[in-house]
2 protein chains.
Amino acid sequence: MIEKIPKPVARRLAIYYRLLKEYSKLGLSTISSSSMGERLNLKSSQIRKDLSYFGGFGKRGTGYKVMELMKSIERILGIDQAWHILIIGAGKIGMALVNYSGLSQDGFVVKAIVDADKDKIGTLIDTQLVVEDVRKMGQIIQEKKIDIGVLCVPPDVAQKTINEALKCGIKGIINFVPKRLEVPEDVMVEDVQISLSFKALSFRMVHNGK
Amino acid sequence: MIEKIPKPVARRLAIYYRLLKEYSKLGLSTISSSSMGERLNLKSSQIRKDLSYFGGFGKRGTGYKVMELMKSIERILGIDQAWHILIIGAGKIGMALVNYSGLSQDGFVVKAIVDADKDKIGTLIDTQLVVEDVRKMGQIIQEKKIDIGVLCVPPDVAQKTINEALKCGIKGIINFVPKRLEVPEDVMVEDVQISLSFKALSFRMVHNGK
DNA sequence: TAGATTGTTAATCGATTAACAATC
DNA sequence: TAGATTGTTAATCGATTAACAATC
C-alpha cells in the first residue's frame with residue numbers, strides 16, 4: 001500500500017494532462033487508456049498504472065471522463081493552485097520566460113524579475129513588470145509570497161545567488177544554469193539544461209540509430 | 001560485446017565533460033572516478049561503467065588524465081566537430097538562443113534564424129544575423145549546410161513547419177514546442193519542454209519530500 | 001448477456017551498484 | 001612490494017509491460 005511512485009511518472013502525468021486538454025477542446029467527453037497510448041506512443045498499461053498510484057479514475061468498460069481526469073491530474077500535479085514565480089536574472093533566457101504563455105496558462109504566475117546589472121534595473125518589461133535590483137530579492141520573495149525561483153544567472157554567481165533566495169524561504173527552483181546547485185533537502189530543484197540536450201542530440205546523431 | 005548503452009549515458013557524459021573542463025581550467029592533470037563521483041553525487045562505479053562502453057580511458061592506480069578524457073568525451077559526444085544550427089521561430093525563446101554562449105562554446109553554431117511574421121523578417125539580431133523568411137528555409141538549410149533545427153514556433157504550426165525542414169534533409173531537431181513531433185526514424189529529436197519541468201517541480205513540491 | 005476496458009499482479013526488461021580481480 | 005584505482009562481472013534495484021480477473 002505504501003507503493004513508491006517511479007520518478008518518470010510526474011512528467012508523464014503532465015503529458016497526459018496536455019493531451020486531455022486537447023481532447024476537451026475537441027469536445028470529447030470520454031477516452032480510453034489505449035487511445036491515449038496510441039496517441040502518445042505509450043503502452044496503455046503504463047498509463048493505467050501511472051494513474052493507479054493516485055486512485056481509480058476510470059470506469060471499466062467505458063474508460064475515463066476527459067474533464068474529470070483533467071481535474072484530477074491538475075490536483076495531483078499541484079497546478080490547481082497558482083504558483084508565484086520570481087525570475088532571477090534578466091538575461092536572454094530570463095526575459096524570454098516573462099510572459100511565456102506556456103507558464104501562465106498552467107498557473108505559474110511571474111510576479112517579479114531581478115538582476116544585478118544597473119543598466120537592466122528599472123527596465124520596463126511589457127506593461128506589468130520592471131526589472132528590480134537583486135539586492136531587494138529577499139524583500140520581494142516575502143512581499144510577493146514567491147514559491148518558485150527560476151535561476152538564469154551566470155554560472156559563477158549561481159550558488160551565491162540561490163543561497164540568498166533560500167534564506168528567504170523559497171522552496172522550489174527551476175535551474176537553467178549549467179551547474180549542480182547545493183540546496184537543503186526539503187527544497188526541490190528541477191534542472192532545465194539546454195546545452196545538455198544539444199549534446200545528447202549530437203551524441204545520438206553520431207551514434208546514429210537508436 | 002554488442003553491449004547496449006543505457007539511454008541516460010549520453011547526458012551523463014555531457015555532465016562529466018563539463019566537470020572535466022572545470023578541472024582543466026583549475027590546472028588539474030589527473031582525476032579519479034571517485035573524486036568525480038563525489039563532486040557530481042554519482043557512484044564512482046557508474047562513472048567507470050559509463051566510460052567503459054566506449055573504451056578504457058583510465059590507468060589503474062592513478063585514474064584519468066583530465067585533458068585526454070575531455071578530448072575522448074568530446075569525440076564520443078560528437079562535439080569535436082561544428083554543428084550548423086537553424087533557429088526556426090524568432091519568438092522569445094528563439095531569440096534567446098541566438099548567441100547563447102552555452103551553445104557556441106561547444107561547437108553549436110547558429111547559422112540562421114527564420115520566422116513567418118513579416119514584422120520580424122529583416123530584423124537585425126546583434127551584428128551577424130537577420131531574421132529571414134521561413135519560406136526560404138529550404139534554401140537556407142541547403143546553402144548553410146544546416147544539421148540541426150531548433151523548433152520554437154507556435155504549437156499549431158509545429159508539425160507543418162518541421163515537415164518542411166525534414167524535406168530539406170535536417171537530421172536532428174531540438175524541440176521546444178509542447179507537442180510530440182512525428183519524424184522519420186532516422187531523424188533524432190530531443191525535447192526541451194520547459195512547462196513539463198515546471199509541472200514536475202510543482203508535483204514534487206506538493207508531494208513534498210523524495 | 002456480450003463486449004469493452006479498467007485496475008492490479010506477476011513477469012520482464014533495463015539501469016545502477018557493489019564487489020573484486022587486474023594492474024599501474 | 002604496498003597502495004590506489006581501474007574495468008568488469010554479477011547482484012540488486014527500479015520501471016515497464018503483458019496478462020487477466022473484475023466489472024461496467
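Chain letters run A, B, ... following the sequence lines, proteins first and then strands; every chain starts at 1. Since we're looking at a predicted model, the values are computed, not measured.
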Using heavy atoms and a sub-4.0 Å distance, could you list which residues of residues 10-23 of chain A are near DNA chain C? By number, please. none
A:Ser44 side chain to A:Arg48 side chain, donor-acceptor N/O pair below 3.5 angstrom: yes
Any heavy-atom pair between the side chains of B:Met205 and A:Trp83 that's under 4.5 Å? yes
Which one is paired to C:dC13, where only Watson-Crick or G-U wobble pairs with both distances under 3.5 angstrom count? D:dG14
Which is more 5' along DNA chain D, the nucleotide nearest B:Ile31 or the one nearest A:Thr62? Just name the residue. B:Ile31
Determine whether the aromatic ring centres of residues A:Phe108 and B:Phe198 are separated by less than 6.0 angstrom. yes
Regarding B:Gln193 and A:Arg18, do their side chains bring together a donor and an acceptor under 3.5 Å, going by distance alone? yes
Got a sec? Which of residues 35-60 of chain B come in under 4.0 Å of DNA chain C, heavy atoms? B:Lys43, B:Ser45, B:Gln46, B:Arg48, B:Lys49, B:Lys59, B:Arg60
Indicate yes or no: at least one non-hydrogen side-chain atom of A:Lys21 is less than 4.5 angstrom from one of A:Asp106. yes
Salt-bridge present (B:Glu68, B:Lys71; N to O < 4.0 Å): no
If we ignore angles and hydrogens, is there a donor and acceptor under 3.5 Å between the side chains of B:Ser197 and A:Arg11? yes
Which part of the nucleic acid does A:Ser34 contact within heavy-atom distance under 4.0 Å: base, sugar-phosphate only, or nothing? nothing
Could you give the start and end, 5' to 3', of the contact zone on DNA chain D for chain B, using atoms under 4.0 Å from its heavy atoms? D:dA4 to D:dT9
Carboxylate-amine/guanidinium contact A:Glu143 A:Lys145, below 4.0 Å: no
Now, which nucleotide makes the Watson-Crick or G-U wobble pair with D:dC20, with each of the two distances under 3.5 Å? C:dG7
Salt-bridged, A:Glu164 to A:Arg135, with N to O below 4.0 Å? no
Between A:Asp50 and A:Gln46, a side-chain donor and acceptor under 3.5 Å: no
